[in-house]
Each structure stands twice: as structure tokens, then as C-alpha cells.
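Since the structure comes first, as C-alpha cells, the remarks are kept for the end.
Here is how names work: the chains are called A, B, and so on, in the same order as the sequence lines, proteins then strands, and each is numbered from 1. We use all heavy atoms of the structure for the numbers below, so side chains are in, but hydrogens, waters and symmetry mates are not. For clarity, every value in this text was computed on a predicted model and none was experimentally measured.
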Amino acid sequence: MKASAYHLSTTRETPADAEIASHQLMIRSGMIRKLTAGIYTWSPLGLRVLRKVEDIVREEMNRAGYLEMLMPAVQPAELWQESGRWELFGGQLLKIRDRAGRDYCFGPTHEEVMTDFVRNEIRSYKQLPVTFYQIQTKFRDEIRPRFGVMRAREFLMKDAYSFHIDQASLEQTFWEMHGVYSRIFERSGLRFRAVEADSGAIGGNRSIEFHVLADSGEDQIAFSTGSDYAANVELCRLAPPDGERPAPAEELRTVDTPGVRTIDELVTQFDIPVERTVKTLLVQGDEGLVALLVRGDHELNPAKAEKLPGVASPLTFADDAAIRAAAGAGPGSLGPVGLDLPLVVDHAVAVMADFAAGANQDDQHLFGINFGRDLPEPQAADLRNACNGDPSPDGQGTLELARGIEVGHIFQLGTKYSESMNAVVLGEDGKSHVMPMGCYGIGVSRIVAAAIEQNHDEHGIVWPAPLAPFTLALLPMNAKKSPRVQEATEALYRDLLAAGVEVLCDDRNLRPGVMFNDMELIGIPHRVVVGERGLDAGTLEYRARGAEANEELPLDGAVAAILEKIGRA
RNA sequence: CGGGGUAUAGCUCAGCCUGGUAGAGCGCGUCGUUCGGGACGACGAGGUCGCAGGUUCAAGUCCUGCUACCCCGACCA
């Protein structure tokens, strides 16, 4: 491709509304342009990358024998009413109406359409198992789209659905898909982890997320140093700590703590270890409020809390007025002693002695609190998020935390949709069987953003080779004035194209610095410079993106030398 | 959807408090000098100041309403 005939549109300035590196770089390199909130146009340059991802996904899915198809983006309301999701999906579902007043939605996912297709097409167990997939634009009316295509309302997704005669077959495909996904992310050149996203409590259903590791990721994942165990922090189970609760050693006493509102302030002003403080959180229960206790340095895990019997789901924190009415003090001075509410404590709190908490009096705290003396024996549960250094739930090693961007999710759905939509098949026994089902998603457009998030430096994007829009940038120095440079560049360009190299030849007649900066911003992995100096010496100049220094390549046999550099030899 | 903010040239923003000729930098066009890490000069194009009302002799500036976008919270590929 000649740059003069390609729509390159880079900017020096960072757009004001882009917060994270990948969003800024996608805008600055000209890959995407915002049309409206959460909706983006992909430029020719951006689309090249998107297609690279798509191609890898498609190749690996096909290799595994899964069947590509294409379902409609616009779906009739009836199907969604049948599955019960027309209401359940809530505001995220973009509903539309045609001129006759019929209701439709723009598909946010395709379980309904897929299940409808399969119930009409598949009659016999002999046709099972089968897995269909598509790569298609989805729309989810996110409450808060952000970070460019990372969390867009319209996005490109690969969604796959498998159908089975029994659970065993579903599990086989599920783990096979696990392998396919791993290969897809490996081939894309991304550092990733597969993490458990469900406790496995509900009827053998399992769900595994694939996360690209990046500090700016919105999810926290925990993984064991001593085993393969990895889980989303939200769902990472924590066992009660070993060891007995120490006997009380201190008297219960009330301390004036003027102005202290947070655990931090309590710890620094009164010189007590944070491990001997307790946070008291009031949430809505089925009847009135419920008090939840976690250690001062721990964080309440909402997903775990809302699953407790007696606690309302979704988890709702009490507002200041309700807190004051129930406890007689503001949120900064809450504590369990003398609080007339149902109480659930985290396992880590249950083994504490002589700890500090609010006194339910503004500007006062209690020190030296003990269970069994100042409070009844606690009802303990797993309530908090995992921390660095917690023992791994599988008993091997300790947990480490990392941030991740969820780019894939595989799920054993079971019969949730096949049952409500009556997707049945005749079994070997001659009877009808409801088909267990799996569903498997990859955020194709999100992968592009995640790859940048994981691979960039102060100059711009540093594409993993498999995703790069072009493999090589060919840069002539001062070509306008030098017919030799022009001719040598043109000849090399033709030879590289003939050798099948995706080369971007910058014939825009710009100053060298501008070309270097543009090509680095765009993130092209390899660059070759043609200049008078080199031609005199019979050399070309080569540099890999991210490398510190130039190398010289012989002008004679340049194509072979370049192929070796780009790993195509 | 709750809370906070912004809206002026293609982009980043000043001007608004204290009403009186529409501004800068970058980008874009032409010409010249330059040309190995985002050059310099000259000239030039480009704006219903988000929209609708109101106050005023006069509104980008003051008032009211609306809309869009951004940020902070619960969902997800």
C-alpha cells in the first residue's frame, strides 16, 4: 500500500475525552472515530486490525469443526418474550418498532435466535453434538459506555452455541472450546489468563472467563502461585482462616474519636493495627436492614453478599437517613456492639479478638471488642474480596492479584433456553430430550483495544505481529530530491509485495521525523529506511518497532534479508 | 438511572465574572527556503459561538428551558 493513496490520519494531540492509552492511541492513529456515545466508525487502518483478529478467530473455530453462519441483527420481540428476556434484559436491550407497530430489538446476543433455528433444524441425536457460530455486530445499550471500543454500545462479537444430547457431551465441547480460545489468544500474541467465573454451585454449570492482562483492566483476577487455580476476584471463594480466635485480653472501652470517619483515620490517629479494626456496612435485607462486618483492610464483595439468605439482591447499601435511624450515628461511627440488627461477619472477622469499631455514637469508637463477651458468637460467611497473599481456595499456594480485560467467556448454559423454548431432539431411546446447551463469546473489537492496552510505549502502539495492520513500513529519505532513492524504494516495494509482505510505503514526501513518528504511532512492527547514505554504502537501514538502534541490511538480496527479519524466511 | 461537569474553527482551548468589530496553537491550501526524529517565513481558506426562548439600544458573554457529550456509581464481549 502506498501511504499517499491510503487514508492515514494521525494526530499529535491527545483527544480530550479519551482516558486510557488504547482509546487515545486508537484515536490518534486514526483507527476509529466516534459517531456518538459508544458508537464508532472503523477507518481503513482500524479495520485492517479488526479483520486480523476476526481471521484468527474464524480460522481456529473452523479448524475445530464449528460451523459459521450469520443470524439477523434485528430480532422479533416474540422470541424474547418466549424466553422471558424481553423484560428481564432490561434497559440494555435496544427496542425498536416498525411502521406496523411490531416490536423488535437489536440483538445484544443470540441465544433465542439460535435456539429457534436449532429446534426447527435438529431432529435427532444423530445430528449432535453441533456447534454454530457467527461474527457479528451486537448492540447493548450500556448505561455508561467508555474507553472507546473497549466498552462500546455497538461492538463486534464472535458468539458460538453448542447443542448436545447430554451433559457429558456438553462438558466435552466446553473443554474443547477452552482449548480453542486459548489458541486464539496465543496466536494473537496476547498475555492472558483463563479464570473461573462461577463457583460451580448451580447444577454443574460452569463458566470461565478469558482475560488479557493489563494494569488498566476493569476486572481483578486472582491466581494461585502454587497451582493452576485462577478466578475473578468477584467469585473467588475464600475458606475460613486456620487457627482459633485468641482469648480476650483487653477490656471493652469507649474512646473519643472526634472527626474520625474512616478506617484510615482511625488507624493513623490511634496507632492500632488495621487488622484489629472492623468495618460495619448496613445493607437492605428482606425485612429491614442487615449489618455486614469485614476487617478494616478488607473489601466487601457485593456478589457474595447479595447471595446471603436474608440480604436483598441486588445488593443495596442503606442511605444515611436509614443508617442514622437504625444505629443512631452516621456511617463513620458504626459498630456491631448494641446494634439491634441481624449480623453477618466475614470469616476473617470471626477469628478476631480485641478489635476496634464504631460505637454507634458520632465521634466515638469502641476498642477491645470481643465476641462471646461483648457480642454473641457470630454468624460467619465468606463476604470479602480476595487479597494478595490469601491462601488459594484449592489449598495449594497463595493468591496473587492482577488486573484483566475480559475478552472471552465460555459458559455451560444447560437447558435454560432449550427448556423455555422447547428445543428437543429424539434420543437413541426414542424419547424426546431437552438439549443441554453451551454458549461462548469473544469480544472481537475489544481484543483490538486490549492488545493496545497491553502493548504500547511512549511513542505509540507496539502491535503483536499477528495483529499489525501492516508488517513493514518502507520509508524513503528525501525522495523528492533523489531519483536514486525513489527508484530503489519503488523497486523494493514491488519486490516485497511480490513476496507477499504487507508493506506500507510512505511516499508522502514528508520530512523524516514525521514519517518515523507516524509509523511508530501506528505501531508497524518493522521499518526499512532507504536513503542516499545507505545507497552509497550499498545498505538499507532496518529497525524493529521498540528496538533501540538501527541495523544495516545489504542492498543486494534485500528482500531475503527483510524476510528473515520479519520471521518469514 | 442518581450525582458532578462541559458545549466557541477539523483538533486542543482562551474569551463569559465586568454585554459593545470572533481569538490563539495545531491541522488544512498556495508560494518560497528547508529536508535522517513532528522545520521556517509570507499569504490564505475555515465559525448559524449546541438548540429554542427571554432581558437589553446591543448577547459568545446575563436569565429560562431543552439537547448532546464527558466524568463518578450498579452490568458485560
Side-chain angles (χ1 to χ4, degrees), chain A residues 9-20 23-24 27-28 30 33-39 53 57 88-93 107-110 135-160 181 184-185 197 207 209-212 218-219 232 234 302-303 306 313-317 319 404-411 439-450 459-460 475-482 485 508-521 527 529-535 541 543 550:
Chain A
S9 172
T10 57
T11 61
R12 210 141 76 160
E13 277 174 294
T14 303
D17 58 357
E19 297 249 314
I20 60 171
H23 187 193
Q24 293 173 353
I27 301 281
R28 286 192 51 208
R33 294 289 180 236
K34 182 170 77 176
L35 182 62
T36 184
I39 301 182
V53 176
V57 170
L88 240 163
F89 215 88
Q92 279 210 72
L93 192 62
T109 176
H110 281 65
I135 297 174
Q136 194 220 28
T137 299
K138 300 282 190 269
F139 193 98
R140 293 182 190 174
D141 197 354
E142 295 276 349
I143 297 168
R144 193 146 99 79
R146 58 184 140 171
F147 305 147
V149 298
M150 188 78 86
R151 179 192 298 283
R153 293 198 291 171
E154 188 179 297
F155 60 99
L156 191 66
M157 177 171 166
K158 187 284 303 173
D159 49 323
Y181 271 41
I184 287 171
F185 298 125
S207 149
E209 294 169 348
F210 290 78
H211 286 260
V212 167
E218 290 191 88
D219 289 289
N232 195 311
E234 284 184 345
E306 70 186 23
S313 177
L315 192 73
T316 314
F317 286 97
D319 58 30
I405 299 163
E406 186 189 345
V407 291
H409 199 162
I410 61 176
F411 204 88
C439 74
Y440 318 90
I442 287 181
V444 177
S445 43
R446 181 179 282 181
I447 285 178
V448 176
H459 302 295
L475 308 182
M477 295 294 101
N478 203 6
K480 209 179 345 185
K481 285 270 179 67
S482 168
V485 168
R508 293 178 296 174
N509 278 320
L510 297 171
R511 299 166 63 83
V514 179
M515 289 194 280
F516 292 148
N517 284 316
D518 267 356
M519 295 305 136
E520 280 164 11
L521 174 60
R527 108 181 165 201
V529 170
V530 183
E532 288 275 355
R533 251 161 34 189
L535 292 182
E541 195 178 281
R543 186 143 155 191
N550 296 327

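- Figure legend. C17(B) is base-paired to no nucleotide; pairs are counted as Watson-Crick or G-U wobble with both atom distances under 3.5 Å.
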Just by protein heavy atoms under 4.0 Å, how would nucleotides 72-77 of chain B read 5' to 3' in B, S and -? BBBBBB
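- Here U55(B) sits opposite no nucleotide as a Watson-Crick or G-U wobble pair (both hydrogen-bonding atom distances under 3.5 Å).
- Here Arg527(A) pairs with Glu520(A) under the side chain to side chain donor-acceptor pair (under 3.5 Å) rule; sequence neighbours left out.
- With sequence neighbours excluded, no residue satisfies side chain to side chain donor-acceptor pair (under 3.5 Å) with Arg511(A).
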With the sugar-phosphate defined as primed atoms, P, OP1 and OP2, and the base as all remaining atoms, what B/S/- string results for nucleotides 45-51 of chain B, 5' to 3', for protein heavy atoms under 4.0 Å? -------
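- Within the structure, a side-chain polar atom (N or O) of Thr36(A) is placed less than 4.0 Å from OP1 or OP2 of C69(B).
- The side chain to side chain donor-acceptor pair (under 3.5 Å) check on Arg28(A) picks up nothing, with sequence neighbours excluded.
- Searching all strands for a Watson-Crick or G-U wobble partner of A7(B) with both distances below 3.5 Å returns U67(B).
- Using a 4.0 Å heavy-atom criterion, one finds that Arg28(A) contacts the bases of the nucleic acid, with or without backbone contacts as well.
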5' to 3', nucleotides 25-37 of chain B under a 4.0 Å protein heavy-atom cut-off (B base, S sugar-phosphate only, - none) gives B--------BBBB
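- Here G27(B) sits opposite no nucleotide as a Watson-Crick or G-U wobble pair (both hydrogen-bonding atom distances under 3.5 Å).
- Side-chain N or O atoms of Arg446(A) include none that pairs as donor or acceptor with a backbone N or O of Val149(A) at under 3.5 Å.
- Pair check for A77(B) finds none; no Watson-Crick or G-U wobble contact set falls under 3.5 Å.
- Across all strands shown, U33(B) is found opposite A39(B) as a Watson-Crick or G-U wobble partner, with both distances under 3.5 Å.
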